[in-house]
> 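I have a structure here, written as structure tokens, and I will follow up with some questions on it.
Letters go in sequence order (proteins before strands), and every chain restarts at 1.
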2 protein chains.
Amino acid sequence: MGFAETFKALGDPVRREILLLLRRGQLSAGEIGSHFDMTGATISYHLSILKKADLVFETREKNYIYYGLNTSVVEEVMLWLSQLKGE
Amino acid sequence: MGFAETFKALGDPVRREILLLLRRGQLSAGEIGSHFDMTGATISYHLSILKKADLVFETREKNYIYYGLNTSVVEEVMLWLSQLKGE
DNA sequence: ACGGTATTTAGAAAAATATCTAAATACTTG
DNA sequence: CAAGTATTTAGATATTTTTCTAAATACCGT
């Protein structure tokens with residue numbers, strides 16, 4: 001919701017890696033998990049945090065849940081950061 | 001040094017507030033601390049994390065240590081984020 | 001409805017983080 | 001050099017976060 005959650009979500013390297021994976025398009029939870037040496041449960045936990053932070057959205061299809069990047073929130077973070085540099 | 005530390009540093013609300021305080025110019029550790037309901041030791045801890053993340057620099061003068069914003073690292077974070085959106 | 005696959009939830013353990021108090025360091029000035 | 005102020009470091013504690021295993025839920029195809 002707020003910046004607090006979004007910045008916190010971006011603070012974890014696994015979650016940033018997940019976001020990078022999603023640049024090319026949506027991936028299922030399983031496909032995301034296959035890129036990491038962690039259990040599906042852990043990936044699910046990270047996805048839930050990214051979702052709470054509104055950095056990703058999910059769409060359900062057949063037996064899968066696909067995750068995609070929410071770039072508008074990325075914009076908002078950049079906007080917050082931009083107030084730190086020059087006026 | 002790397003993004004890991006920088007993003008982690010940005011993940012804490014107290015540290016983000018400190019960065020906002022520094023927009024207008026350098027402040028001593030004590031001046032920064034006076035804006036928060038925390039001990040100086042805790043503020044010092046947060047400043048050390050911001051320093052490790054290269055988000056702030058310090059300059060010593062007389063009896064004080066002044067902290068200032070390092071905007072170039074803010075730029076780098078924005079650059080990292082920009083790869084998530086578009087192209 | 002059943003069996004199988006995908007994903008999440010619950011609960012617990014381990015690791016990291018934020019905070020405090022008290023002590024140490026650093027610097028300034030008389 | 002001693003006293004005073006500013007800041008950091010050390011050590012302890014409480015909280016939060018990350019991760020796992022095991023169980024639960026959800027959805028598909030036969």
> Between dT17(C), dT21(C), dA26(D), which one does the side chain of T39(B) approach most closely?
dT21(C)

> Applying a 4.0 Å non-hydrogen cut-off, can you work out what S28(A) is touching in the nucleic acid: base, sugar-phosphate, or nothing?
sugar-phosphate

> Could you tell me whether a side-chain N or O of R15(A) sits under 3.5 Å from a main-chain N or O of L10(A), the two making a donor and an acceptor?
no

> Can you work out whether K8(A) or G40(A) has the more 5'-proximal nearest nucleotide on DNA chain D?
K8(A)

> To the nearest angstrom, how far is R15(B) atom CZ from dT17(C) atom P?
9 Å

> Is the phosphate of dA6(D) approached by R60(B) (side-chain N or O, under 4.0 Å from OP1 or OP2)?
no

> Take atom CG of L47(B) and atom C1' of dT8(D), then tell me their distance rounded to the nearest Å.
10 Å

> Report yes if at least one side-chain N or O of H46(B) is closer than 4.0 Å to OP1 or OP2 of dT17(C); otherwise report no.
no

> For the side chain of N63(B), counting heavy atoms from C-beta on, which of dT8(C), dA6(D), dT18(D) is nearest?
dA6(D)

> Please give, in whole Å, the distance from dT18(D) P to I43(A) CD1?
12 Å

> Expressed as a whole number of angstroms, how long is the span from M38(B):CE to dT8(D):P?
15 Å

> Round to a whole Å and report the spacing from NZ of K51(B) to P of dT7(D).
12 Å

> On DNA chain C, does the nearest nucleotide to K62(B) precede the nearest nucleotide to E31(A) from the 5' side, or the other way round? Give the residue.
E31(A)

> Please state whether the phosphate of dT8(D), meaning OP1 or OP2, lies under 4.0 angstrom from any side-chain nitrogen or oxygen of Y67(B).
yes

> Can you tell me if Y64(B) has over 12 outside heavy atoms packed within less than 6.0 Å of its OH?
no

> Ion pair present between E58(A) and R60(A), side-chain N to carboxylate O less than 4.0 angstrom?
yes

> Given dT8(C), dA18(C), dT8(D), identify the nucleotide with an atom nearest to the side chain of I65(A).
dT8(C)

> Mapping G11(B) and A41(A) onto DNA chain C by nearest heavy atom, which one lands closer to the 5' end?
A41(A)

> Rounded at 0.5 Å granularity, tell me how far CG in L50(B) sits from CD in E5(B).
12.0 Å

> When the distance from OH of Y64(A) to P of dT5(C) is rounded to whole Å, what number comes out?
10 Å

> At less than 4.0 Å, is any side-chain N or O atom of S44(A) found next to OP1 or OP2 of dT8(C)? Yes or no.
yes

> If I take atom CD in residue E61(B) and atom P in nucleotide dA26(C), what distance separates them, rounded to the nearest angstrom?
19 Å

> Look up atom CD1 in I43(A) and atom OH in Y67(A), then write down how far apart they are to the nearest 0.5 Å.
11.0 Å

> Take atom CD1 of I49(B) and atom P of dT17(C), then tell me their distance rounded to the nearest Å.
7 Å

> Choose from dC20(C), dT8(D), dC20(D) the nucleotide whose nearest atom is closest to any side-chain atom of A29(B).
dT8(D)

